Amino acid sequence: MSSSVLPLCIFLVLFSAASSAVAGKESQSPTVYEIIQEYDFPVGLLPKGVTRYEFNKSTGNFAVYLNKTCTFSINGYSLKYMSKVTGKISKDRVANLKGVQVKLLLFWINIAEVTRDGDQLDFSVGIASADFPIDNFYASPQCGCGFDCVNSSTGEFNLKQLISSS
């Protein structure tokens with residue numbers, strides 16, 4: 001082997017090892033569902049099918065991306081997740097939420113904030129809010145069919161409470 005080929009082989013071996021280490025580190029990144037659990041929220045706040053996310057751990061700002069707008073009905077009411085959902089997460093609180101709506105009567109209303117208080121989740125639409133048991137959100141709903149796809153008895157998300165509390 002010539003003396004100029006040996007350094008090139010060493011470089012390729014080192015580059016390959018470094019690339020493998022970087023790829024291994026990327027594959028160990030937490031999922032968005034794991035991140036929301038770190039902030040004391042259940043995975044069911046987000047539907048299945050997140051394609052990617054951006055998260056700034058120092059500020060709590062996030063963006064979650066779905067393939068397309070995701071809608072599903074729960075107890076006769078509709079929820080809509082836009083293809084991009086943004087907000088700011090901190091322990092027991094998601095603030096400045098944009099991209100998640102609930103249909104109340106004839107109008108789509110933005111859910112602006114979600115907070116956790118013990119075993120309850122409080123969903124705020126600004127002028128009104130409603131509490132729901134956290135165990136309703138242990139599974140992620142699926143676009144198109146919500147919790148009915150999950151086949152779970154904990155898939156009850158009674159939005160009638162939201163209307164009656166306004």
Side-chain angles (χ1 to χ4, degrees), residues 26-152 154-166:
E26 287 175 4
S27 66
Q28 294 176 5
S29 295
T31 68
V32 70
Y33 304 101
E34 291 168 333
I35 289 173
I36 64 174
Q37 287 179 310
E38 290 176 16
Y39 289 88
D40 213 18
F41 286 102
V43 298
L45 283 186
L46 290 173
K48 291 180 181 180
V50 171
T51 58
R52 69 183 178 95
Y53 70 91
E54 298 164 4
F55 177 60
N56 183 324
K57 191 166 184 145
S58 63
T59 64
N61 292 327
F62 67 86
V64 174
Y65 299 89
L66 301 165
N67 275 342
K68 58 184 177 177
T69 299
C70 175
T71 59
F72 48 90
S73 292
I74 301 172
N75 292 342
Y77 295 95
S78 296
L79 286 174
K80 184 188 310 183
Y81 285 73
M82 302 301 173
S83 58
K84 181 180 181 183
V85 176
T86 62
K88 183 174 183 169
I89 193 168
S90 57
K91 182 151 175 61
D92 295 331
R93 183 172 185 228
V94 178
N96 304 325
L97 189 58
K98 291 183 176 55
V100 181
Q101 298 178 331
V102 61
K103 191 170 188 179
L104 300 177
L105 303 175
L106 301 174
F107 302 101
W108 287 101
I109 308 292
N110 292 318
I111 297 175
E113 183 175 88
V114 181
T115 55
R116 179 174 178 171
D117 184 14
D119 289 339
Q120 297 287 316
L121 292 178
D122 180 69
F123 292 82
S124 173
V125 294
I127 58 172
S129 65
D131 294 332
F132 300 95
I134 196 167
D135 61 358
N136 291 350
F137 299 91
Y138 286 146
S140 292
Q142 187 169 328
C143 296
C145 54
F147 291 113
D148 293 335
C149 301
V150 177
N151 261 345
S152 170
T154 62
E156 297 297 317
F157 183 81
N158 187 356
L159 293 179
K160 289 180 183 177
Q161 293 177 13
L162 189 58
I163 291 175
S164 66
S165 67
S166 56

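Just so you know, these numbers use all the heavy atoms, side chains as well, and skip hydrogens, waters and symmetry mates. Since we're looking at a predicted model, the values are computed, not measured. For this chain, numbers begin at 1 and follow the sequence in order.
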Task: Evaluation steps, side-chain contact (heavy atoms from CB on, under 4.5 Å), between L45 and V100 - done: CA-CA 10 Å; L45 283 186; V100 181; over 6 Å; no
TODO: Applying side-chain contact (heavy atoms from CB on, under 4.5 Å), run through V114 and D122 and close with a yes or a no.
DONE: CA-CA 6 Å; V114 181; D122 180 69; over 6 Å; no
- [ ] Let me see the working for R93 and E113 under side-chain contact (heavy atoms from CB on, under 4.5 Å), right down to the final yes or no.
- [x] CA-CA 7 Å; R93 183 172 185 228; E113 183 175 88; 2.7 Å; yes
Open item on the list: For F41 and I89: C-alpha separation, side-chain torsions, deciding distance, then whether side-chain contact (heavy atoms from CB on, under 4.5 Å) applies.
Closed with: CA-CA 10 Å; F41 286 102; I89 193 168; 4.1 Å; yes
TODO: Go through F62 and Y53 one step at a time and tell me if the ring-ring contact (aromatic ring centres under 6.0 Å, His included) criterion holds.
DONE: CA-CA 7 Å; F62 67 86; Y53 70 91; 9.5 Å; no
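For the residue pair Y65 / E54, a side-chain donor-acceptor distance below 3.5 Å is found, with atom types taken as modelled. D131 and Q120 form no side-chain donor-acceptor contact under 3.5 Å, judged by distance and modelled atom types alone.
Across all non-hydrogen atoms, the minimal contact from I36 to P42 is CD1-O, 3.3 Å. Nearest heavy-atom pair, L46 versus P141, reported as atom, atom and distance to 0.1 Å: O-CD, 3.7 Å. Considering every non-hydrogen atom in both P47 and L66, the closest pair reads CG-CD1, 4.1 Å. A pairwise comparison of heavy atoms in V125 and V102 identifies CG1-CG1, 4.2 Å as the closest pair. Of all non-hydrogen atoms in N110 and Q101, the two that sit nearest each other are OD1-NE2, 3.0 Å. Closest non-hydrogen pair, S140 versus V43, comes out as OG-O, 3.0 Å.
Atom CG of D119 has 12 or fewer neighbouring heavy atoms from other residues, nucleotides or ligands inside a 6.0 Å radius. Within a 6.0 Å sphere centred on NZ of K88, other residues, nucleotides and ligands contribute 12 heavy atoms or fewer.
Put simply, CG on L79 and SG on C143 are 11.0 Å apart, with the number rounded to the nearest 0.5 Å. Summarising the geometry, atom NZ belonging to K68 is positioned 12.5 Å from atom OG1 belonging to T51; distances are rounded to the nearest 0.5 Å. Atom-to-atom distance recorded for F132:CZ and L121:CG is 9.5 Å, nearest 0.5 angstrom.
For Y33 and Y138, the ring centers are positioned 6.0 Å apart or more.
Side-chain atoms of V50 and Y81, non-hydrogen and from C-beta on, never get closer than 4.5 Å to each other. Here the side chains of K84 and V64 are not in contact, with every heavy-atom distance at 4.5 Å or above. When side chains are defined from C-beta on, S78 counts as touching W108, because their heavy atoms get closer than 4.5 Å.
Counting only distance, with no hydrogens or angles, the side chain of R116 and the backbone of D40 share a donor-acceptor pair below 3.5 Å.
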